[in-house]
Amino acid sequence: MLPPDVASAIELHLDASVVRTQAVGGGCISHATRVDTDRCSVFVKWSRKEAAATFPAEAAGLRALRDADGGLIVPEPLVARGGSDASCGFLVLEWIETGERAAEYWETLGAGLAALHRRTASQYGFEQDNFIGRLPQNNDWSASWPDFFRSRRLEVQVRRAREGGHWNESWNGPMDRLMNRLDELLPASPPPSMLHGDLWSGNIMVTDRGAPALIDPAAYYGHREADLAMSELFGGFSSTFFQAYREAWPLESGYYERRQVYNLYHLINHLNHFGSGYAGSVARVLEGF
């Protein structure tokens, strides 16, 4: 049930009265509710625990994706409030009806992602820190892409894994070698593209018109291949998607080796979230270094 203080805040911000609520899927680390008011319907994520802190950053990421205007649908964030263990945080988004994929769904997604990536900044990072899942993601600006990915991505996750008791000491040598090789493995200054940041199939929904919509970003400006690598990590994307992307913006040589580096960040993040079930995947990537 939607907490009364969240319902009251929604009514205040939307200048509307809540008519009915219905629990729905899509919250993942938080509760998710459809809220019908006398003016409109909205999607609400809410939580009193650590997920509550993620909502303002998620709203900022959604606004950045919308401002990039890549042609893909992104729900508009209407209200966001952080919270704590004691107070409820919430995120209110416009309601998007779901449906079945249209025939051109994958082509639209591939071309739209390439268009999103055309939106660039002068450096790598984002206007604020945000979250990858429930864990903080450091987005301090950097002029060097290898430096950014080393210090803001890999080093942070490795440190968390060590502190959480998830790190295998046999991985130290390969990880050190990888860190030392990042300047040769990764391009020094690729265009800092607007990235979704957590582009797996569960973070793309199908609208009632059959079009793709991006949700749950961990947005920042970085190398566009990081998004593509993530889309391949857990599957669920059609080959037509990748073909459409490459037709819109061809990839440079060496992507398949870099893909392993970029996905290592997400694998260690999953290790930190879910434990030893991801240890084998981390080990297999590190064996290549």
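The distance from the OG1 atom of Thr54 to the CG atom of Asn130 is 10.0 Å, given to the nearest 0.5 Å. Separating the CG atom in Leu154 from the CD1 atom in Ile268 is a distance of 6.0 Å, to the nearest 0.5 Å. The line from SG of Cys40 to CG of Leu78 is 7.0 Å long, rounded to the nearest 0.5 Å.
Classification of Arg259 and Glu232 as a salt-bridged pair holds, one side-chain N sitting under 4.0 Å from a carboxylate O. Residues Asp67 and Arg119 are not paired through a salt bridge, judged by the lack of any N-O separation under 4.0 Å between the basic side chain and the carboxylate. In this structure, Glu58 pairs ionically with Lys45, as a charged nitrogen and a carboxylate oxygen lie closer than 4.0 Å. Between Arg181 and Asp183 there is no salt bridge, since none of the side-chain N atoms of the basic residue sits less than 4.0 Å from a carboxylate O of the acidic one. The pair Arg34-Glu97 counts as a salt bridge, with a side-chain nitrogen and a carboxylate oxygen less than 4.0 angstrom apart. Ion pairing of Glu184 with Arg258 is absent here, as no side-chain N (NZ or NE/NH1/NH2) approaches a carboxylate O to less than 4.0 Å. For the pair Arg118 and Asp69, the salt-bridge criterion is not met [side-chain N within less than 4.0 Å of a carboxylate O].
Shown are Arg159, Gln157, Arg160, Glu163; of these, the side-chain hydrogen bond (donor to acceptor under 3.5 Å, both in side chains) with Asn272 is made only by Gln157. The one candidate from Asn139, Asn138, Asn269 that meets the side-chain hydrogen bond (donor to acceptor under 3.5 Å, both in side chains) condition with Arg153 is Asn139. The side-chain contact (heavy atoms from CB on, under 4.5 Å) test with Ser231 singles out one residue from Leu199, Asn203, Ile204, and that residue is Leu199.
Ring geometry, Tyr262 versus His223: the interplanar angle exceeds 60°, so the pair is classed perpendicular (tilted spans 30 to 60°). Ring geometry, His273 versus His270: the interplanar angle falls from 30° to 60°, so the pair is classed tilted. Note on ring orientation: taking the six-membered ring where Trp is involved, the planes of Tyr220 and Trp145 are parallel (angle under 30°, cut-offs 30° and 60°).
Partners of Glu287 according to the salt bridge (charged side-chain N to carboxylate O under 4.0 Å, His left out) rule, which considers only residues two or more places apart in sequence or in another chain, do not exist here.
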Verdict with supporting geometry, Trp141 and Phe148, side chain to side chain contact (heavy atoms under 4.5 Å, CB included): CA-CA 8 Å; Trp141 296 103; Phe148 178 91; over 6 Å; no
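Of the N and O atoms on the side chains of His117 and Asp227, at least one donor lies less than 3.5 Å from an acceptor on the other residue. Of the N and O atoms on the side chains of Asp36 and Trp95, not one donor lies less than 3.5 Å from an acceptor on the other residue.
Put simply, Val24 and Ile73 are part of two different groups of oily side chains (I, L, V, M, F, W, Y) that touch within less than 4.5 Å, one to the next.
Phe90 does not carry Arg81 over the face of its six-membered ring by the limits of under 6.0 Å from the centre and within 45° of the normal. A cation-pi arrangement, defined by a distance under 6.0 Å to the six-membered ring centre and an angle within 45 degrees of its axis, is absent between Arg152 and Tyr124.
Not one N or O on the side chain of Asp208 forms a donor-acceptor pair closer than 3.5 Å with the backbone of Thr98.
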